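What you are looking at is a predicted structure, and each value in this text was computed from that prediction instead of being measured.
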Amino acid sequence: MYNLTRVSPSGDTSVYSGNHPGELPLPAPFREAMREFECQLEESLHEQGDYLSESDKALYRKGKRVRPKLLLLFALLCHPQELAPSLSSKVIGGAVSLEMLHVATLIHDDIIDAAAVRRGHETIYARQGTEMAILIGDLQFVQAIRKFTQLIENAHDLQLVQQVLDTGMELCKGEIDELKVDPGVSDLLSLESRYMRTIDRKTARLISVSCRAGAALVNGSRRACWYAGQFGQKIGLAFQIMDDLKDLIQDLETAGKKPGTDLARKRVTLPHIYALPEFGPDHILHRLLADRGYEPSPEELEEARHAVLHSSGMVQAYSKARELVLDAVELLQLFPPGPYCSEIERMARSILE
């Protein structure tokens, strides 16, 4: 098991745990890149000094670093190490930017979900209210884009910045699509198609651009960049499907929100869609999802959650996530084998745990 100890400029120390017991440590270039990532991230947070409290910064420090890790791993995978033994500051800066963009979306998600807890800490929304949370989230968006534009050195970099901006646009569209979905349709295939488009926008695109950026920032081939992006898209879709499954299972203490929050907010997720055919049109699940004006009681919400939880919809949704992960792992065969490729595969498979 490898441990990456990070020390921030303020002296704060924490430990990463990455590989499973018995696995070999990842090579030094990755450990060095993660340490530099933490330093650059702290510097970016320091620039917001008067506007971010230590409690606000905890949202960053408790993160799993999925997107920056994938960016750095793909960069190392495509990096000609005989030319330079370590990644450039430019690559590290890209990882910092995309992590900040991700955190911005989490802050806004907490507002929409009225979530009290995130990553074991009280959310900015719960602590400071809606108005302040919106502004702090916006601040992270702007800081993320500022950081990324500072990386521009050539036309190739400018194209990558455009992709990041496009991803930000798609993120917003995905969040809006999720709130606007009208589940009152009889065609379940259309409902599933719309769901997949929504989660592609709100979750998968950012993971995809993280993987693609890792390859692109070290001048990887077009083929490598494309396959890295495809890998990221597939595991991003799987990640969101698993998150939607967890919404039905995890308790308030673990998830920071009540189980069944998606049902309470009438968000149609894949387990809901796959479960619908098992119940008649008068069942609470159909009424809850089809009638936007219907206000269910807490008992009815729990009945609907229980119905989905014990339906084949859970297994079908999990199977879809598993299929996407296996497809993603298959793409990794196009990259050179080694510790970086193995760690990327491990991260992909861990989504299903």
Q: Look up atom CE in Met314 and atom CD1 in Ile249, then write down how far apart they are to the nearest 0.5 Å.
A: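 Going from CE on Met314 over to CD1 on Ile249, the span is 3.5 Å.
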
Q: Check whether any side-chain heavy atom of Arg146 sits under 4.5 Å from a side-chain heavy atom of Val142, and report yes or no.
A: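 A side-chain contact exists here, since the closest heavy-atom pair is under 4.5 Å.
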
Q: Please list, chain by chain and in numerical order, all residues satisfying ring pair (Phe, Tyr, Trp, His ring centres under 6.0 Å) with Phe148, sequence neighbours excluded.
A: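 For Phe148 there are no ring pair (Phe, Tyr, Trp, His ring centres under 6.0 Å) partners, ignoring immediate neighbours.
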
Q: Who passes side chain to side chain contact (heavy atoms under 4.5 Å, CB included) against Gln48, sequence neighbours left out?
A: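 Expected list: Leu45, Leu52, Met100, Leu139, Gln140, Gln143.
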
Q: Only counting residues at least two apart or in another chain, list the ones meeting salt bridge (Lys or Arg N to Asp or Glu O under 4.0 Å) with Lys90.
A: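 Lys90: salt bridge (Lys or Arg N to Asp or Glu O under 4.0 Å) contacts with Glu153, Asp157.
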
Q: Using side chain to side chain contact (heavy atoms under 4.5 Å, CB included) as the criterion, list what pairs up with Cys341, not counting sequence neighbours.
A: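 Scan of Cys341 (side chain to side chain contact (heavy atoms under 4.5 Å, CB included), adjacent residues dropped) gives Leu77, Leu332, Phe335.
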
Q: If the condition is ring pair (Phe, Tyr, Trp, His ring centres under 6.0 Å), which residues does Phe231 pass it with, not counting sequence neighbours?
A: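 Only Phe74 meet the ring pair (Phe, Tyr, Trp, His ring centres under 6.0 Å) criterion with Phe231.
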
Q: Can you list the residues that meet the side chain to side chain contact (heavy atoms under 4.5 Å, CB included) rule with Gln128, with sequence neighbours excluded?
A: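 With neighbours one apart ignored, the set is Asp56, Ile124, Met132, Ile136.
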
Q: What verdict does the side chain to side chain contact (heavy atoms under 4.5 Å, CB included) test give for Leu326 and Arg349, after you've listed the backbone C-alpha separation in whole Å, the side-chain angles of each residue and the deciding distance to 0.1 Å?
A: CA-CA 8 Å; Leu326 292 179; Arg349 292 184 183 277; 3.8 Å; yes

Q: To the nearest 0.5 Å, tell me how far Glu300 CD sits from Leu288 CG.
A: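 If we round to the nearest 0.5 Å, Glu300:CD and Leu288:CG are 8.5 Å apart.
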
Q: Within the side chain of Ser311, is there an N or O that forms a donor-acceptor pair under 3.5 Å with the backbone of Val308?
A: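 Between the backbone of Val308 and the side chain of Ser311 there is a qualifying donor-acceptor contact (under 3.5 Å).
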
Q: May I ask you to decide whether Lys147 forms a salt bridge with Glu99, counting only side-chain N to carboxylate O separations under 4.0 Å?
A: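 No.
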
Q: So that I can tick it off, tell me whether Asp177 and Arg201 are bridged by a salt bridge, with the cut-off set at under 4.0 angstrom between side-chain N and carboxylate O.
A: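 Asp177 and Arg201: salt-bridged.
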
Q: If the condition is ring pair (Phe, Tyr, Trp, His ring centres under 6.0 Å), which residues does Phe279 pass it with, not counting sequence neighbours?
A: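 Partners of Phe279 by the ring pair (Phe, Tyr, Trp, His ring centres under 6.0 Å) criterion, ordered by chain and then number, come out as His283.
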
Q: Glu38 and salt bridge (Lys or Arg N to Asp or Glu O under 4.0 Å): which partner among Arg65, Arg31, Lys69?
A: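 Of the listed residues Arg65, Arg31, Lys69, the salt bridge (Lys or Arg N to Asp or Glu O under 4.0 Å) partner of Glu38 is Arg65.
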
Q: Show, in sequence, the C-alpha distance, side-chain angles and deciding distance for Arg194 and Leu189, and conclude whether the side chain to side chain contact (heavy atoms under 4.5 Å, CB included) test is met.
A: CA-CA 9 Å; Arg194 190 167 186 177; Leu189 287 176; over 6 Å; no

Q: List for me each residue that meets ring pair (Phe, Tyr, Trp, His ring centres under 6.0 Å) alongside His121, sequence neighbours excluded, and say none if there are none.
A: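 Not a single residue meets the ring pair (Phe, Tyr, Trp, His ring centres under 6.0 Å) criterion with His121.
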
Q: Who pairs with Tyr227 by side-chain hydrogen bond (donor to acceptor under 3.5 Å, both in side chains), at least two apart in sequence or on another chain?
A: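 side-chain hydrogen bond (donor to acceptor under 3.5 Å, both in side chains) check on Tyr227 returns nothing, list empty.
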
Q: For residues Cys211 and Ala228, report the shortest heavy-atom separation together with the two atoms involved.
A: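 So the minimum-distance heavy-atom pair works out to CB-O, 3.2 Å.
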
Q: For Pro27, enumerate each residue passing the side chain to side chain contact (heavy atoms under 4.5 Å, CB included) test, keeping only those at least two apart in sequence or located in another chain.
A: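 Side chain to side chain contact (heavy atoms under 4.5 Å, CB included) list for Pro27, sorted by chain: Pro29, Pro339, Tyr340.
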
Q: So which pairs with a foot in residues 208-223 pass side-chain hydrogen bond (donor to acceptor under 3.5 Å, both in side chains), sequence neighbours left out?
A: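 Only Gln163-Arg212 qualify under side-chain hydrogen bond (donor to acceptor under 3.5 Å, both in side chains).
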
Q: Report all side-chain donor-acceptor pairs from residues 315-325 shorter than 3.5 Å, counting only partners two or more places apart or in another chain.
A:
| residue | atom | partner | partner atom | Å |
| --- | --- | --- | --- | --- |
| Gln316 | OE1 | Ser312 | OG | 3.2 |
| Tyr318 | OH | Leu352 | O | 3.4 |
| Ser319 | OG | Val315 | O | 2.9 |

